Amino acid sequence: MIERYREFLPISPATPIISLGEGSTPLIYSRRLSERIGRGCDVFVKNEGVNPTGSFKDRGMTVAVSKAMERGTRALICASTGNTSASAAAYAARAGISCVVILPAGKIATGKLLQAFAYGAKIVAVNGNFDDALRIVRELGETGDFTIVNSINPDRIAGQKTAAFEIVDELGDAPDFHLLPVGNAGNITAYWAGYREYFARERSTKLPSMLGFQAAGAAPIFHDYIIDKPETIASAIRIGNPASWKQARAAIVESRGAIDVVSDEKILAAQSWLAQHEGIFVEPASAASIAGVFKWCDSDDAAYSFQKIPEGSRIVCTVTGHGLKDPDVIIRRMKELKPVAATMTDVRRAIGM
Ligand SMILES: *Cc1c(COP(=O)(O)O)cnc(C)c1O
């Protein structure tokens, strides 16, 4: 990824490139999603779940870890709701340095915690939420023993911009609307920076409106106050005090976009819908962008009827992470599976068709 967009990244000939083949993810034209939205809109899904560790965090991590190696770092540190730690642990392993991850105890999705263990990170669980973990990481970062690879690290944001470049390169121009989930708000900040940079270099003729979606129980930017105990099934966006709050506000205002909320129920419905109608299985947080496009465009949602997204718009929804990372909700459904006898009659009856 760094090689593809080297001229836009803070990379010099002296930077050792630490890569796992991240980026260049599929931008999928979604026919059924476009049909459901209707009014001649074209909806594309940018599937970031196919990155090496299964989330967009790898785009930022390849740049952050390459720069850290250039500066001679011996250890990375991060706080994480799961995907940052999975990514940091993998890129640290690739670079041959150690990685410390500080996690809110009991709040990390199964697959993500498993990844941190598999890649050999040093894992510390704290009794607190993500915001507590990040506070501790910021303090440890000041000792100089570690490089912080949370999205407060500007190299992370620089790397994550490349997703916007890829979209413009593939569509031939910027979309009209870009929808994505918002947690710490690093990604909405990065996309907006990427779109602006490409526009300034005349690689696109327009800028999209950025629409960010927070979970209803973890929506500090939407409400404009810190949420002490954020709650949502979408653990990757369970954030009460976003690190890039100001930048996200700027992106929304400058792009004439908006920040909105979606309920957990709508998030899970969107996750199922996308898997079953488009074949794209994402984690719950990622489905916030899909729940968002439904909320803004569905004709049966009277409060959000037609005028907001005009007819014929080109819409891109980023889905941020792979569904296998956070299987707990679906595992409950799997438990209903009961074996039947290995006979034609019993199997036919079980199929029910
Ligand atoms: C990190 C993450 C988010 C939130 O991104 P921010 O940059 O913190 O707003 C959303 N979805 C997934 C899957 C993530 O890993």
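Numbering of ligands and ligand atoms starts at 1, following listing order. Just so you know, these numbers come straight off a predicted model, no measurement behind them.
Ring centers of F165 and Y195: at least 6.0 Å apart, outside the cut-off.
Ring planes of F294 and W273: perpendicular class, angle over 60° (limits at 30 and 60°). The aromatic rings of F213 and W296 lie perpendicular to each other, with more than 60° between the two planes, well past the 30° mark.
The residues lining ligand 1, counting any heavy atom closer than 4.0 Å, are F56, K57, N83, V182, G183, N184, A185, G186, N187, A236, I237, E283, A285, S286, T320, G321.
Y5 and D169 share a donor-acceptor pair across their side chains, judged by distance under 3.5 Å alone.
Take W245 and apply the ring pair (Phe, Tyr, Trp, His ring centres under 6.0 Å) test, not counting sequence neighbours, and it matches no residue.
For the atom pair F56 CZ and L180 CG, the distance stands at 8.0 Å (nearest 0.5 Å).
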